[in-house]
There are 2 protein chains.
Amino acid sequence: MSIQERKARDASRMRERIFKATLDLFAKGGYPAVTMRAIAQAIEYSPGTIYRYFRDKNEILRELCFRGFEMLLAIQAELSDLADPLERLRQAGRRYISFAQQHPDLYAIMFTIGGLMKKDPGAVEDRPPLTAYHNLESAVAACLDARGWPVAEVPRVALALWSQWHGLAMLLVKDQLAGPIEPLQACVHQAADLTLAALSGDPGHRVSPLAGPLSAALLPP
Amino acid sequence: MSIQERKARDASRMRERIFKATLDLFAKGGYPAVTMRAIAQAIEYSPGTIYRYFRDKNEILRELCFRGFEMLLAIQAELSDLADPLERLRQAGRRYISFAQQHPDLYAIMFTIGGLMKKDPGAVEDRPPLTAYHNLESAVAACLDARGWPVAEVPRVALALWSQWHGLAMLLVKDQLAGPIEPLQACVHQAADLTLAALSGDPGHRVSPLAGPLSAALLPP
DNA sequence: ATGAAAAGTAAACGTTGTTCAGTAAAAAAG
DNA sequence: CTTTTTTACTGAACAACGTTTACTTTTCAT
């Protein structure tokens, strides 16, 4: 049985090689640079060979998206030592948006492929996108719990927060705020902070963040 | 000078014809159905002819996006007779998301093209995307004004609201909420209502909307 | 060593957006 | 009215894309 094992090992090595090449191309030239022929050239194989390890291009990109969500998971993990659950949520949003800005093409494709949340019957373990969302829900639950609010609100609040972060990220990534919103970075973070403050019941959320303590935290740590 | 006028008229008629064909194809088969050859066949001309009236495909799609923003403007206009500014904002968000759901491919492309907000020096009149955003800012201003809050907050609140609507719309359109959020429609609208209530300073926003008056308005009017 | 199965290649297929030499029609010039 | 020039249009071609397929090479089992 050693021969089959070696073959499986080789195949998975090949998959990894293809995937790494895709990652490189993506990092170097963005989405347009990722073509099957370019990948083939990078791994020094013929284009047709790729189809022996991936059904089609979309499957490679799906893998890439999962990698993106794993990066988001790593970001969430870094925040686990923050004691204050509200501050943890605030930082989560901040990091989330920063991630989108640092990997715009990756972020765009992560939410362009579609259907990444659905758990396919074949996979046993939870997929990264779902895990990331559940982590967010946990953070929200901790926050609501801390102030004695009903946990039944968790799905709504989590969706409210995530959808806004996603909206801001998308608008930033697609360069849609260039015209009317100025200064860009500050407005985006302030909008996120404002909503979080409002949702958390902070009565002072009406006061301009520019005059409050929030102004000191405009730059990500 | 009559001859040049007629030519200009013909040209603009041709542009309109091309654009209408694009619209039809888009409505019938979504974005993948919109190819230069398909447009050419629809208007009964050679593919090359299109390039005499549009620089490239992107310019046609830009036009299509502007048309989409004009639809959004029309939706905003319908809401102008609502007396309560808060209710106006609520309905604006509801309709915005409904629009995205009714024209998913159009909405997706409206925010994929990018740079639609920037006013190019050539155009005198304001472009629809900018107008739509300014309308939103006006609605927010009216709302803040009604409760004596500082108008300096308008940009932040407007961005906070719009980005969430956009985020929800994008997640819906790209079928990204299918797995974890259930029931979908209700959660989306509740998330939007929740954020608006929180931002408006409603102290009762912590109570589940399912028990409040919001549950009666789950279906768009 | 021989035959079967797997891995890899080169070329081709069917798309796509876009360009371009050539042609037909229309306007301007004589 | 004829000639020239400008404009409108066509059909074929180009380059690039994802993917498939017939064929060759390598590898494994008998």
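Given the structure is predicted, the values throughout are model-derived calculations rather than measurements. Per chain, numbering begins at 1; letters A, B, ... match sequence-line order.
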Salt bridge between B:Arg62 and B:Glu59, side-chain N to carboxylate O under 4.0 Å?
no
For B:Phe54, answer base if it contacts any base atom (sugar-phosphate contacts may also be present), sugar-phosphate if it contacts only those atoms, and nothing otherwise; contact means non-hydrogen atoms under 4.0 Å.
nothing
Sorted by position of nearest nucleotide on DNA chain D, 5' first, the leading residue of A:Arg52 and B:Met14 is B:Met14
Which nucleotide in the set D:dC17, C:dG17, D:dT10 lies at the smallest distance from any side-chain heavy atom of A:Lys57?
D:dC17
Regarding A:Tyr51, tell me which of base, sugar-phosphate or nothing describes its non-hydrogen contacts under 4.0 Å with the strands shown.
base
Counting side-chain heavy atoms from CB outward, which of D:dA8, D:dT10, C:dG8 is closest to B:Tyr53?
D:dA8
Closer to the 5' end of DNA chain C via nearest nucleotide, is it A:Pro47 or A:Ala11?
A:Ala11
Would you please say whether a donor-acceptor pair under 3.5 Å links the side chains of B:Tyr45 and B:Tyr53?
no
Which nucleotide in D:dT19, C:dA7, C:dG17 has an atom nearest any side-chain atom of B:Arg37:
C:dG17
Between A:Glu153 and A:Arg156 (salt bridge meaning N to carboxylate O under 4.0 Å), is one present in this structure?
yes
Can you name the one residue among B:Arg127, B:Arg15, B:Lys57 that meets salt bridge (charged side-chain N to carboxylate O under 4.0 Å, His left out) with B:Glu63?
B:Arg15
Under the 3.5 Å rule, do the base of D:dG11 and the side chain of B:Ser46 count as making a donor-acceptor pair?
yes
Heavy atoms under 4.0 Å, any strand shown: does B:Thr35 hit a base, just sugar-phosphate, or nothing?
sugar-phosphate
